[in-house]
2 protein chains.
Amino acid sequence: MEAVFSALGEPGRLRIVELLRLGPHAVGDIVERLGMRQPQVSKHLKVLAQAGLVKVQPRARHRIYHLDADAFEQMREWVDSFEELWAARLDSLGRYLEELDEEERDQ
Amino acid sequence: MEAVFSALGEPGRLRIVELLRLGPHAVGDIVERLGMRQPQVSKHLKVLAQAGLVKVQPRARHRIYHLDADAFEQMREWVDSFEELWAARLDSLGRYLEELDEEERDQ
DNA sequence: GTCATATATTCCTGTCAAGGAATATATGAT
DNA sequence: ATCATATATTCCTTGACAGGAATATATGAC
């Protein structure tokens, strides 16, 4: 997870990922659509690939990048692991204490 | 989202967040449990707070930090926005093309 | 083969962020 | 008011990383 977050925590890379959400794109496409320079795009894609977020697929002399569903499934599980715990605490002591705290804060 | 990912993309902060998943903790608790130095913990918590991931709640002379559910709900929606699109493409042309690509790759 | 196109890599430089140490602030106890 | 404890902030230094420019590599066209 850490590599994933670190990779997404950079503006350019996040833009690339959100572009790839629309579907696979060649490097040149990304360069053109996002107005970034080709070497930086290649470097960002390398980082994203190392984090497992994207995969490549050579197509003639183009390299088509696409998101890897597994990475997103793992992210989803990670996020869910938090919300599950909160849901479990909602009807127990934790809930009571949290309400107390909120009232206190409002005063 | 960018600030969130950037905040989580640092080992120490990720550890703090995963500790807070177990429930609210005072700064000293975090320091002790994670074996980090107090000033760094405070600084990390500041970054996490600015990203909206944690909230504070003063309790005597302690400051109890806890995760903010809204931030995780937003993350969840972000991740879902990817998986939804893929699901939508599964029974359309995209699916067909992707299968073609996979076969090609295996050869 | 040569050439052109698409992409990756290298090298350099500047910037930013993390850690360490010291210090400041806040709050409760006496 | 003084002191102790808990936490935050500042300053400094160093390392990592992003961008730019140039160059290398791969692949297809001819």
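Each chain gets a letter, A, B and so on, in the order its sequence line appears, and its residues count up from 1.
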Inset, instruction - Classify the side chain of B:Gln38 and the base of D:dA8 as holding, or not holding, a donor-acceptor pair under 3.5 Å. - result: yes
Inset, instruction - Look at the side-chain heavy atoms of Ile, Leu, Val, Met, Phe, Trp and Tyr, link any pair under 4.5 Å apart, and say whether B:Leu48 and B:Ile64 land in one connected group. - result: no
Legend entry - Rounded interatomic separation in angstrom, taking CZ from B:Arg59 and C1' from D:dT7: 17 Å
Legend entry - Phosphate OP1/OP2 of C:dA8: any A:Arg63 side-chain N/O under 4.0 Å: yes
Inset, instruction - Of all the heavy-atom pairs spanning B:Val4 and B:Ala51, show the shortest one and how long it is. - result: CG2-O, 3.6 Å
Inset, instruction - Whole angstrom is fine here: how far is it from NZ in B:Lys46 over to C1' in C:dA17? - result: 13 Å
Legend entry - Any A:His62 side-chain N or O less than 4.0 Å from OP1/OP2 of D:dA26: no
Inset, instruction - Return the orientation label for the B:Phe5 and B:Trp78 ring planes: parallel under 30°, perpendicular over 60°, tilted otherwise. - result: perpendicular
Legend entry - Nearest-Å distance for atom pair CD1/C1', residues A:Ile64 and C:dT7: 12 Å
Inset, instruction - Nearest whole angstrom, please: distance from the C1' of D:dA8 to the NE2 of B:His44. - result: 14 Å
Legend entry - Position toward the 5' end of DNA chain D (nearest nucleotide), A:Met36 or A:Arg61: A:Met36
Legend entry - Nucleotide of C:dA18, D:dT9, D:dA21 approaching B:Arg13 most closely (side-chain heavy atoms): C:dA18
Inset, instruction - Select base, sugar-phosphate, or nothing to describe what B:Lys43 touches, counting heavy atoms under 4.0 Å on all strands. - result: base
Legend entry - Selection from C:dA18, C:dG20, D:dG28 that lies nearest to any side-chain heavy atom of B:Arg37: C:dG20
Inset, instruction - Using atom CD of A:Gln50 as one end and atom P of D:dC17 as the other, report the distance to the nearest whole Å. - result: 11 Å
Inset, instruction - Check the distance between C:dA8's C1' and A:Tyr65's OH and give it to me in whole angstrom. - result: 8 Å
Legend entry - B:Arg21 (side chain) donor-acceptor with A:Phe82 (main chain) under 3.5 angstrom: no
Inset, instruction - Using whole Å, report how far CD1 of A:Ile16 lies from P of C:dA8. - result: 11 Å
Legend entry - First of A:Asp29 and B:Gly12 reached from the 5' end of DNA chain C, by closest nucleotide: A:Asp29
Legend entry - Nucleotide C:dT9, atom P - distance to CD of A:Gln40 in whole Å: 14 Å
Legend entry - A:His44 NE2 to A:Leu34 CG distance, which is reported to the nearest 0.5 Å: 10.0 Å
